[in-house]
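Worksheet: one structure, shown below.
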There are 2 protein chains.
Amino acid sequence: MTATPTLPEMCAALGDQTRWDILTRLGQEAMSASALARVLPVSRQAIVKHLDVLSEAGLVAAERRGREIVYAALGSRLNALAHELDRIGNAWDARLRALKSLAESPDEGRPDSRA
Amino acid sequence: MTATPTLPEMCAALGDQTRWDILTRLGQEAMSASALARVLPVSRQAIVKHLDVLSEAGLVAAERRGREIVYAALGSRLNALAHELDRIGNAWDARLRALKSLAESPDEGRPDSRA
DNA sequence: CGGAAATGCAACACTGAGGTTGCACATCCG
DNA sequence: CGGATGTGCAACCTCAGTGTTGCATTTCCG
């Protein structure tokens, strides 16, 4: 979590099936990397790397508990991303609607080209 | 967009800076691959590949106009993705809140607090 | 018609993401 | 203490994604 991750970085962090597998588990129950490795069909080291990426994106929180480190999924970052994507999507569609209405109503301050 | 893209697939499509550059342009103005190649610092072929990915994800629409193919950014898919991410994020946080309240008041735990 | 402009197809190169294995180090528990 | 158990670090491998170049093909316009 060096700084606020960029939008592509956030999406890239979420663009991997294994990471979603991890997130799904962590969304149900906080657990350690070793525990995840026991449940998922990948090595612990791979899990650790994914957890690093997810942590960098602010999607998981790590908490040291004795000799193990327990991770939990954080919804807040995901909600923030969702909000941003929603805004962008609305902007695109607004643009499309504007173009469409312009095409459908030719007398909107546009020189007459037909009659 | 053969079938509904999976969540990781959608995010992966959005996990590239160049594709965001393309989407940003297409969100402002519909244009062809060649036109994009003139504006962006990558070759037309690279643009075409990215447009294929974006099209597969349902994020852009292609329309043939004469000898060229004009692409436009579609906000609807992005809004749908945003909605899904928001739901998931809320679920995670709900889980966290449930655990926290459970830990603080072990006797008054409620299994479901849905409104 | 003839050329400019756009797309389509294919082979190729390079980098990095994802994954593995092996071992060293830390930490808890019986 | 001593053995599990968990984490940390590093070298290594493989392949798909990103990008390039070159050329063939389609399509419009003067």
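Note that the coordinates shown come from a computational prediction; the quantities given were computed from them, not determined experimentally. Below, chains carry the letters A, B, ... as their sequence lines are ordered, and counting in each starts from 1. Only heavy atoms go into these numbers, but all of them, side chains included; no hydrogens, no water, no symmetry mates.
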In whole angstroms, the gap separating P of C:dA17 from CG of A:D52 amounts to 13 Å
- prompt: Can you check whether A:L7's main-chain N or O pairs, donor with acceptor, with B:W20's side chain at less than 3.5 Å?
  reply: no
Residues 42-51 of chain B vs side chain to side chain donor-acceptor pair (under 3.5 Å), sequence neighbours excluded, gives B:R19-B:H50
Hey, is the side chain of A:H50 poking within less than 4.0 Å of OP1 or OP2 on C:dG19, counting only N and O atoms?
-> yes
To the nearest angstrom, the CD1-P distance between B:I69 and C:dA6 comes to 12 Å
As a check of understanding: the bend across the helix from C:dC1-D:dG30 to C:dG30-D:dC1, end axes from five pairs, rounded to 10 degrees, works out to 30°
When rounded to the nearest 0.5 Å, the distance separating CH2 of B:W92 from CG of A:L78 is 5.0 Å
Report yes if the side chains of A:D93 and B:S76 come closer than 4.5 Å at any heavy-atom pair, otherwise no.
yes
- According to a 4.5 Å side-chain heavy-atom criterion applied to Ile, Leu, Val, Met, Phe, Trp and Tyr, with indirect links allowed, do B:V53 and B:M10 form part of one hydrophobic cluster? no
Quick tally for nucleotides 21-29 of chain C: nucleotides whose base has a protein heavy atom under 4.0 Å get B, sugar-phosphate-only ones S, the rest -, giving BB----BB-
Across all chains, not counting sequence neighbours, the side chain to side chain donor-acceptor pair (under 3.5 Å) partners of B:Q17 are B:D21
Side chains of A:L51 and A:L26, heavy atoms from C-beta outward: is any pair under 4.5 Å?
yes
Return a table of donor-acceptor pairs under 3.5 angstrom between the side chains of residues 59-74 of chain A and protein atoms on other chains or two or more places apart.
none

side-chain contact (heavy atoms from CB on, under 4.5 Å) filter on B:A12, not counting sequence neighbours, yields none
B:K49 atom NZ is separated from C:dG8 atom P, nearest whole Å, by 14 Å
Residue set satisfying side-chain contact (heavy atoms from CB on, under 4.5 Å) with B:R87, at least two apart, ordered chain then number -> B:H83
* Would A:I22 end up clustered with A:V48 when hydrophobic side chains under 4.5 Å apart are linked, directly or stepwise? -> no
Sorted by chain and residue number, the side chain to side chain donor-acceptor pair (under 3.5 Å) partners of B:N79 (sequence neighbours excluded) come out as A:D86, A:N90
By nearest-nucleotide position on DNA chain C, the 5'-leaning member of B:Y71 and A:D16 is B:Y71
Chain B reaches DNA chain D, atoms under 4.0 Å from its heavy atoms, from D:dT18 to D:dC28
note: A:Q17, atom CD; C:dG19, atom C1'; distance rounded to Å ~ 16 Å
Scan nucleotides 13-15 of chain C against the protein and return all N/O pairs shorter than 3.5 Å with their distances rounded to 0.1 Å.
none

The reported gap from CE in B:M31 to CD1 in B:I47 (rounded to nearest 0.5 angstrom) is 8.5 Å
A:E56 CD to C:dA17 P, in whole Å, measures 12 Å
To the nearest angstrom, the CD1-P distance between B:I47 and C:dG8 comes to 14 Å
